[in-house]
Amino acid sequence: MTYRVVQWSTGNVGRHAIAGIDAHPGLELAGVWVSDPAKAGREAGELAGLGRELGITATGDADALLALRPDCVVYTAMADDRLPEALEDLKRFLRAGINVVSSSPVFLQFPTGVVPPEVTDPVREAAAEGGASLWVNGVDPGFANDWLPLVLTGVCERIDQVRCLEILDYSTYRNRKVLFDIMGFGGAPDETPMLLQPGVLSLAWGSVVRQLAAGLGVELDGVEQSHERVPAPETFEIPSGTIAEGTAAALRFEVRGMRAGRAVCVLEHVTRLRPDLAPDWPQPAGQGCYRVEVTGEPHYTLDLRLVGSDGDHNTAGLKATAMRLVNAIPAVVEAPPGLLTALDLPLITGRGLVRG
């Protein structure tokens, strides 16, 4: 069976999703939505950087795309600074009977205990009304801290702690809003960016530790968070702008799921804008990696190294997020209506993607 898919946005993740939909033998690209009027009317293959046409012209007409009655929408529009609008988008799709795989809002990955029912109930009601499903995922939050660590725990005798790390140099991540406005890089040490406002880390990644705990059958007592930053030793440039001497240039944070006074499920990010910064913090395997550490009997360390075909690890991370969503489309379409989590779906594999 072939599923008809609309791609919603063509930014850092969306353009990779278009390529993934085109490459998947069980999917057909039915339409592409863009927010930028300058992109409307352009060919989807051009927007995806494929160097060939796909026979689909991008549009800003949402009604026209919903009228196509696709089986699924791949929603990769940025939601960090427009949560109410993103939630309304998702509910609109669901009410129309269209399944959705989405990279945001990230707290919907596993919202239980993270956000109040008044946030999730309208989403569940829209899904029930339309008989459709929503699955929010990616690589982080997503594969690197749901099925990857949970599969590894299947070869344990005893588990004391599961720790999931992202260890990346973000200097080649081309999104100034995320780097400067949301994460606070290039900002004064006494300024508190959006990401580090009280409770935001636990809102964004609390879903990770709570889903891990649910997958392991552990009831958490609570979730804690902490962070530290390192300033730039001198002024330097990255593709997205200037990092002045003394401004934030490296960030490390933790979100900890607590049980009986100790951290049992931990999400940790180590983010640098230059490899030499904060040398005492965890170092990546290769250019950048996702790491799972299981402390117990026995101890395990699993490194997932990233590198794109262009040689850049951040390209690989964006591609991983896109393909986590695209490859899950058949399972999400076939799932019962509702707000799904990774624990509700079968193991998603690359079935059909091996080239003959």
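In what follows, every heavy atom counts, from backbone to side chain, and hydrogens, waters and symmetry copies are set aside.
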Within the distance-only criterion (no hydrogens, no angle test), does the side chain of [X] pair as donor or acceptor with the backbone N or O of [Y] below 3.5 angstrom?
X	Y	result
Glu43	Ile56	yes
Gln283	Pro279	yes
Arg262	Gln161	no
Arg95	Gly130	no
Glu28	Arg4	no

Mind checking side chain to side chain donor-acceptor pair (under 3.5 Å) for [X] and listing every partner two or more places apart, or none if nothing turns up?
X	result
Asp63	Arg92
Arg252	Glu268
Asp169	Ser171

Write out all pairs satisfying salt bridge (charged side-chain N to carboxylate O under 4.0 Å, His left out) with one or both partners inside [range], taking only residues at least two apart or from two chains.
range	value
residues 134-149	Asp146-Arg324
residues 198-227	Asp221-Arg259, Glu224-Arg256
residues 72-86	Asp81-Lys177, Arg82-Asp89

Quick check: closest heavy atoms across [X] and [Y], and the distance to 0.1 Å?
X	Y	result
Ala17	Val326	O-CG2, 3.9 Å
Val333	Cys72	CG2-CB, 4.2 Å
Ala248	Gly184	CB-O, 3.6 Å
Leu212	Cys265	CB-SG, 4.0 Å
Ile243	Ala249	CG2-CB, 4.1 Å
Asp160	Gly296	OD2-CA, 3.6 Å

Step-by-step side chain to side chain contact (heavy atoms under 4.5 Å, CB included) determination, Glu228 to Phe253: CA-CA 6 Å; Glu228 57 182 313; Phe253 68 77; over 6 Å; no

[Y] side chain reached by [X] side chain, heavy atoms, under 4.5 Å:
X	Y	result
Ile18	Val32	yes
Val230	Trp281	yes
Thr315	His313	no
Asp22	Arg52	yes
Ile159	Cys156	yes
Leu29	Leu27	no
Ile238	Leu179	yes
Leu148	Leu150	no

- request: Look up atom NZ in Lys39 and atom OG1 in Thr57, then write down how far apart they are to the nearest 0.5 Å.
  value: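 Output value for this atom pair is 15.0 Å.
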
message: Rounded at 0.5 Å granularity, tell me how far CD in Glu46 sits from CG in Leu54.
response: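 One gets 11.0 Å once the value is rounded to the nearest 0.5 Å.
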
Which donor-acceptor pairs under 3.5 Å do the side chains of residues 342-351 make with protein atoms, sequence neighbours left out?
| unit_1 | atom_1 | unit_2 | atom_2 | d |
| --- | --- | --- | --- | --- |
| Asp344 | OD2 | Thr341 | N | 2.8 |
| Asp344 | OD2 | Thr341 | OG1 | 3.3 |
| Thr349 | OG1 | Arg351 | N | 3.3 |

task: May I ask you to check whether Glu237 and Thr242 show a side-chain donor-acceptor distance below 3.5 Å?
output: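 Per modelled atom types, Glu237 and Thr242 side chains form a pair under 3.5 Å.
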
Partner residues of [X] under the side-chain contact (heavy atoms from CB on, under 4.5 Å) criterion, sequence neighbours left out:
X	answer
Thr271	Glu166, Tyr170, Met183, Phe185, His269
Ala144	Val139, Tyr290
Ala244	Thr235, Thr247

Treating Ile, Leu, Val, Met, Phe, Trp and Tyr as nodes and any side-chain heavy-atom pair under 4.5 angstrom as an edge, say whether [X] and [Y] lie in one connected cluster.
X	Y	value
Val151	Met323	no
Leu65	Ile21	no
Val73	Leu134	yes
Val223	Val208	yes
Leu203	Val255	no

task: Please collect all side-chain hydrogen bond (donor to acceptor under 3.5 Å, both in side chains) contacts where either partner lies in residues 293-305, sequence neighbours excluded, each pair once.
output: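 Output for this query lists Arg291-Asp303.
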
- prompt: Could you go step by step and tell me if Leu220 and Val264 meet the side chain to side chain contact (heavy atoms under 4.5 Å, CB included) rule?
  reply: CA-CA 9 Å; Leu220 297 178; Val264 293; 3.7 Å; yes

Derivation of the side chain to side chain contact (heavy atoms under 4.5 Å, CB included) call for Leu304 and Phe143: CA-CA 11 Å; Leu304 178 66; Phe143 173 75; 4.1 Å; yes

- prompt: What's the verdict on salt bridge (charged side-chain N to carboxylate O under 4.0 Å, His left out) for Arg229 and Glu191, showing C-alpha distance, side-chain angles and the deciding distance?
  reply: CA-CA 11 Å; Arg229 293 190 284 178; Glu191 295 178 351; over 6 Å; no

- request: For Arg174, look at atom CZ and say whether over 12 heavy atoms of other residues, nucleotides or ligands are found less than 6.0 Å away.
  value: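 No, CZ of Arg174 has 12 or fewer neighbouring heavy atoms, counting only those of other groups under 6.0 Å.
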
query: Considering residues, nucleotides and ligands other than Glu53, do more than 12 of their heavy atoms fall under 6.0 Å from its CD?
result: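 At most 12 heavy atoms, drawn from other residues, nucleotides or ligands, come within 6.0 Å of this atom.
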
Could you give the side-chain donor-acceptor pairs of residues 96-110 under 3.5 Å, partners two or more places apart or in another chain?
| unit_1 | atom_1 | unit_2 | atom_2 | d |
| --- | --- | --- | --- | --- |
| Asn99 | OD1 | Ser133 | N | 2.9 |
| Asn99 | ND2 | Asp71 | O | 3.0 |
| Ser102 | OG | Tyr75 | O | 3.2 |
| Ser102 | OG | Ser104 | N | 3.1 |
| Ser102 | OG | Ser104 | O | 2.4 |
| Ser104 | OG | Ala77 | O | 3.2 |
| Gln109 | OE1 | Gly142 | N | 3.0 |
| Gln109 | NE2 | Ser207 | OG | 3.2 |

- request: Please test Gln197 against Thr192 for side chain to side chain contact (heavy atoms under 4.5 Å, CB included), starting from the C-alpha separation and ending with a verdict.
  value: CA-CA 6 Å; Gln197 296 287 337; Thr192 303; 3.8 Å; yes

